[in-house]
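Order of appearance sets the numbers: ligands from 1, and atoms from 1 within every ligand. The model shown is predicted, which means the values in this text are computed figures rather than measured ones. Heavy-atom basis, side chains included; hydrogens, waters and symmetry copies ignored. All residue numbers in this chain count up from 1 along the given sequence.
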Amino acid sequence: MDALTPENSGDAAALPKGVLALMVTEVTHYTDRLFHFRTTRPVSFRFRSGEFVMIGLPGGEKPVYRAYSIASPNWAEDLEFFSIKVPDGPLTSRLQHVQPGDTVYMREKATGTLVNDALLPGKRLYMFSTGTGIAPFASLIRDPETYEKFDKVILTHTCREVAELKFGIDLVAGVKADEMLNELFDTSKLVHYTSVTREDYPFKGRITDLITSGKLFADLGVPPLDPAVDRGMICGSMAMLKDTKALLEQAGLNEGANNKPGEFVIERAFVS
Ligand code: A2P
């Protein structure tokens, strides 16, 4: 399927400058709070796995754009996004109703710090996520470069409820079963650690508590955080970022950026 362009959308005059029109191809609702959608990818659009873009919808007097991590890897032919639904949210109240065939707007510039380039080489890469914060990691765990840099890639995902883990569980199972991905990298390097805070589940508790108690490392069978070999990426709410960052710093890891790679990087899971 071709991406919509001003030329073929039949609505050339309406497409704002610097904005690309994406056509929705698939929508999956996981819970009454979370959904995933897939769109066409304009051939001209480039990004690094882990980056985010601004997403909006046509119509309305003043277009509302919100930052969304791209959940698909940079080599993929389509784009994926994972979103919460806020009943009175300026964008998500409408975005949650998109259907295949609908148009979504995307500003053409992708950016962000949850990228491999912002991390120093290491042995183990921890991706700490809560809620929709798993989105940039859904991209990075399908990028061969991540496995070239690290021996072990540990994706942690903590949600309030068990049903909210399903996107990540299906995704990781899909990666491990995918023939093409198994040719591109060693999928056994990928470890998925899930925990839940508000329902019964074999692994219970906030990721911060699991780090502090050492249960995370005991469950994984790895030593505690070590700045010499461990690297981290964090994506979640502002409070989760602040608390997780403090724990990594306490363990001796320093924050990095695109222009100064470090031992960990952070980015908030945007739409709230
Ligand atoms: P909790 O249920 O104890 O609030 P949300 O959907 O609100 O972003 O939360 C997603 C997950 O992040 C929940 O499991 C939530 O736990 C957890 N969480 C919220 N705040 C923090 C924090 N400051 N540090 C670590 N985890 C947090």
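Distances from atom 15 (C) of ligand 1 to the heavy atoms of D243, T197, T130 put T197 nearest. Taking only non-hydrogen atoms, the option from E164, K242, R160, R206 nearest to atom 5 (P) of ligand 1 is R160.
For G236, the closest heavy-atom approach to ligand 1 does not fall below 4.0 Å.
Considering only non-hydrogen protein atoms, atom 8 (O) of ligand 1 sits nearest to S237 CB, 4.3 Å.
Both L119 and I141 are assigned to one and the same hydrophobic cluster, defined by single-linkage of ILVMFWY side chains at heavy-atom distances under 4.5 Å.
Side-chain polar atoms of S195 and T158 form a donor-acceptor pair below 3.5 angstrom. Side-chain contact, Y126 with D230: no donor N or O sits under 3.5 Å from an acceptor N or O.
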Q | Trace of the side-chain hydrogen bond (donor to acceptor under 3.5 Å, both in side chains) decision for D243 with T208 | A | CA-CA 7 Å; D243 293 351; T208 41; 5.4 Å; no
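The aromatic rings of Y68 and F81 sit perpendicular, their planes meeting at an angle over 60°, well past the 30° parallel limit. Taking the six-membered ring where tryptophan is involved, the planes of H192 and H157 are essentially parallel, since the angle between them stays under 30° and well short of 60°. Between Y147 and F185, the angle of the ring planes stays under 30°, which puts this pair in the parallel group of the 30/60° scheme.
For ligand 1, the polar-atom distance check against A239 finds a nitrogen or oxygen pair separated by under 3.5 Å. Between T244 and ligand 1, no pair of N/O atoms sits closer than 3.5 Å.
Within the 4.0 Å heavy-atom criterion, neither part of E161 lies near ligand 1. Heavy atoms of C159 found under 4.0 angstrom from ligand 1 belong exclusively to the backbone.
In the vicinity of T158, heavy-atom distances shorter than 4.0 Å reach the ligand 1 atoms 11 (C), 14 (O). The T208 neighbourhood of ligand 1 comprises atoms 24 (N), 25 (C), with distances under 4.0 Å to a heavy atom of that residue.
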